[in-house]
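Heads up: numbering here begins at 1 and tracks the sequence.
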Amino acid sequence: TVENLQNQTLTFGILGLSLSILGVPGIIFSSIAGNKASALKKLTGQITGKARVGYKLAKAGKIVSIILTVLWTLILPTLLSELLYSFDNPFEYFSF
């Protein structure tokens with residue numbers, strides 16, 4: 001099961017970092033990778049090999065995901081309100 005935990009940690013670490021641009025999914029997959037790494041550390045006493053790489057990817061993915069989640073919560077309402085305003089007043093930005 002050690003090899004299995006190492007592969008799972010690496011897989012979820014890659015997914016966590018890859019999906020970090022979406023915010024919350026990156027946090028979820030990075031947390032799963034961290035839990036797999038903790039289980040491996042309890043089993044063997046250390047995190048080595050693929051699991052170490054996966055754990056580092058998961059840490060990076062979690063940090064990026066948290067930052068982007070905050071940015072999305074600030075930017076998305078502004079973009080949506082601007083989009084809706086442009087539908088209400090389509091010629092606001094043009095001078096005819």
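Applying the side chain to side chain contact (heavy atoms under 4.5 Å, CB included) criterion to Ser38, with sequence neighbours excluded, gives no partner residue.
A donor-acceptor pair is defined here as one N or O able to donate and one able to accept, closer than 3.5 Å; such a pair exists between the side chain of Ser20 and the backbone of Leu17.
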Could you walk me through whether Val70 and Leu74 pass the side-chain contact (heavy atoms from CB on, under 4.5 Å) test, one step at a time? CA-CA 6 Å; Val70 169; Leu74 296 174; 4.2 Å; yes

Let's go through Thr78 and Glu82 carefully: what are the C-alpha distance in whole Å and the side-chain angles of both, what is the deciding distance for side-chain contact (heavy atoms from CB on, under 4.5 Å) to 0.1 Å, and is it a yes or a no? CA-CA 6 Å; Thr78 305; Glu82 187 63 31; 5.6 Å; no

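Residues Phe12 and Ile14 fall into different hydrophobic clusters, defined by Ile, Leu, Val, Met, Phe, Trp and Tyr side chains chained together at heavy-atom separations under 4.5 Å. Leu57 and Ile67 are assigned to two separate hydrophobic clusters, defined by single-linkage of ILVMFWY side chains at heavy-atom distances under 4.5 Å. Cluster annotation: Leu5 is not connected to Val53 through the hydrophobic network of ILVMFWY side chains, with a link wherever side-chain heavy atoms come within less than 4.5 Å. A continuous path of ILVMFWY side-chain contacts below 4.5 Å connects Val24 to Ile32, so both sit in one hydrophobic cluster.
The hydrophobic cluster containing Ile27 also includes Ile66, under a criterion of side-chain heavy atoms closer than 4.5 Å among ILVMFWY residues, counted directly or through chains of members.
Here the side chains of Glu3 and Lys50 are in contact, with some heavy-atom distance below 4.5 Å. Residues Lys36 and Leu40 are not in side-chain contact: their nearest non-hydrogen atoms beyond the backbone lie 4.5 Å or more apart.
Each salt bridge (charged side-chain N to carboxylate O under 4.0 Å, His left out) pair with one or both residues in residues 53-63, not counting sequence neighbours, would appear here, but there are none.
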